[in-house]
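Here is the structure we will look at, set down as structure tokens.
Each ligand, and each atom within it, is numbered from 1 in the order the structure gives. All of these numbers come straight from a predicted model, not from anything done at the bench.
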Amino acid sequence: MDKLVISGGLPLRGTVEISGAKNAALPILVGTVLTGAKCTIENVPDILDVDLTLEILEKMGARIVRRHNTVEIDTADVRPGTSPSDLVCKMRGSTYLIGAELGRFLYAKVGSSGGCDFGARPIDQHIKGFEALGASVDARGYFVEAKAEKLVGREIYFDLVSVGATINAILASVFAEGVTVLENAAREPHVVDLANFLNACGANVVGAGTDTIKIKGVKQLHGATYAIIPDMIEAGTYMFAAAATHGRVKINNVIPKHLDSISAKLSEMGVAVEELDDAIIVDATGPLAAINVKTRPYPGFPTDMHPQMTALLCFATGTGRVTEDVYDNRFRYVEELRKTGANIAVSGKTATVEGCGGEGLVGAPMKSVDLRGGAAMVIMGLAVSGRTEITEIHTIERGYNDIVRKLTALGADIRKIAY
Ligand code: EPU
């Protein structure tokens, strides 16, 4: 097993390149199944969730060649119902197999998916979408099995905003007869990226990025070459790490618009954020003010930046609050952060941080409980004085491409060591 060892207290300085977005790469890689052809996907991040997705697709019959950040994938021989459950259960993104298999083969059978533990993560809205299109879905046991004689476009109103349900409904309806209209759809950039990829393959998806998405069924798709958008959460994590360490970092290869809510909150804290065409400069040499944040679906402040925000508030002065409005329970990381001496109290859906400007906080051993919780621990370790050790780092490597190399290049003292 590996752990991260950080000697904290050094301001981050320099330039970091952001990789392709995890939450766009997963549905796009799975979406290639719909094409039954050869696709070339560029800017694919080198992270464990991508490794897992490609392994699953390969076991289902896809032919895959991976060179650096480019993946060539031919899904002609993929067979539905053949995804290995022992891999599927490790990742939430594997639910996308249901939509892709159903869309192409009118049949899907996929084991129960996994992913970070934030309490219950139901898929009732995914199922609502499949059923509206005419599929019968059996999700009583370990497997979700969906089948249809044919799929017919309908209006689907989601009871809540769900990234996964929106993506699955798009995947399932690409070949459905007529027009599918998704109402109260998720507006995240990765939903738009999937729609753009599918359109590049010959699909007709309109309105992604708004809360109404229309999918006009087409007869078939073809292969395409497509580059994945930059990862807004990876970018946001480096922005917060720069701020917590009072550093100055240029974050390259980003779409600044995607980072609006993150940049706005940093500005509110007194950090100078400068937007360039495809880069952002974060300059946090001054003191940090405490603020309140509530997570919301895009374009609100992302839940996937919540733990990192809690860590950052520990280095502000005054009382800050982070209210989680997307998940029931995303606070498991708090107990670990407290080991540094941080004063964080959780009540209901709100973490209250008594910021002390970082005074008196010291490095500690922490166990990464999930991807973004682990990222918060890294920020904490970088910004406090002394030595921090973080175990269970596979949870972090699920979503952060080359984090040790990137932070080292910014001047951090961070090493990955086997133990
Ligand atoms: N929900 C339901 N029923 C459903 C679907 C969702 O009640 O059928 C609830 C969820 O329990 C949650 C809320 O709706 O409370 C939002 O969930 P959503 O479906 O939007 O999340 P997801 O698709 O499971 C993706 C990302 C997560 C990210 C969320 C929210 C992927 C693979 N995962 O999950 O990413 O937190 O959207 O933006 O895209 C991460 O990257 O660290 C991560 C956890």
Tell me the contacting part of [X] for ligand 1: side chain, backbone, both, or neither, using a 4.0 Å heavy-atom threshold, strictly below.
| X | answer |
| --- | --- |
| Tyr96 | side chain |
| Lys22 | side chain |
| Val163 | both |
| Ser162 | both |
| Ile167 | neither |
| Arg92 | side chain |

Looking at ligand 1, does any of its N/O atoms fall within less than 3.5 Å of an N/O of [X]?
| X | answer |
| --- | --- |
| Val326 | yes |
| Thr303 | no |
| Asp124 | yes |
| Leu371 | no |
| Asp328 | no |
| Gly164 | yes |

Exercise. Compare every heavy atom of Phe158 with every heavy atom of Ala169, then report the nearest pair and how far apart it is.
Key: CB-CZ, 3.9 Å

If the contact criterion is a heavy-atom separation under 4.0 Å, does [X] count as touching ligand 1?
| X | answer |
| --- | --- |
| Tyr298 | no |
| Arg330 | yes |
| Gly399 | no |

Exercise. Using the six-membered ring wherever Trp is involved, compare the ring planes of His306 and Tyr333 and label them parallel, tilted or perpendicular (cut-offs 30° and 60°).
Key: perpendicular

Practice problem: Return the option from Met305, Glu324, Arg372 holding the heavy atom at the smallest distance from atom 41 (O) of ligand 1. | Solution: Arg372

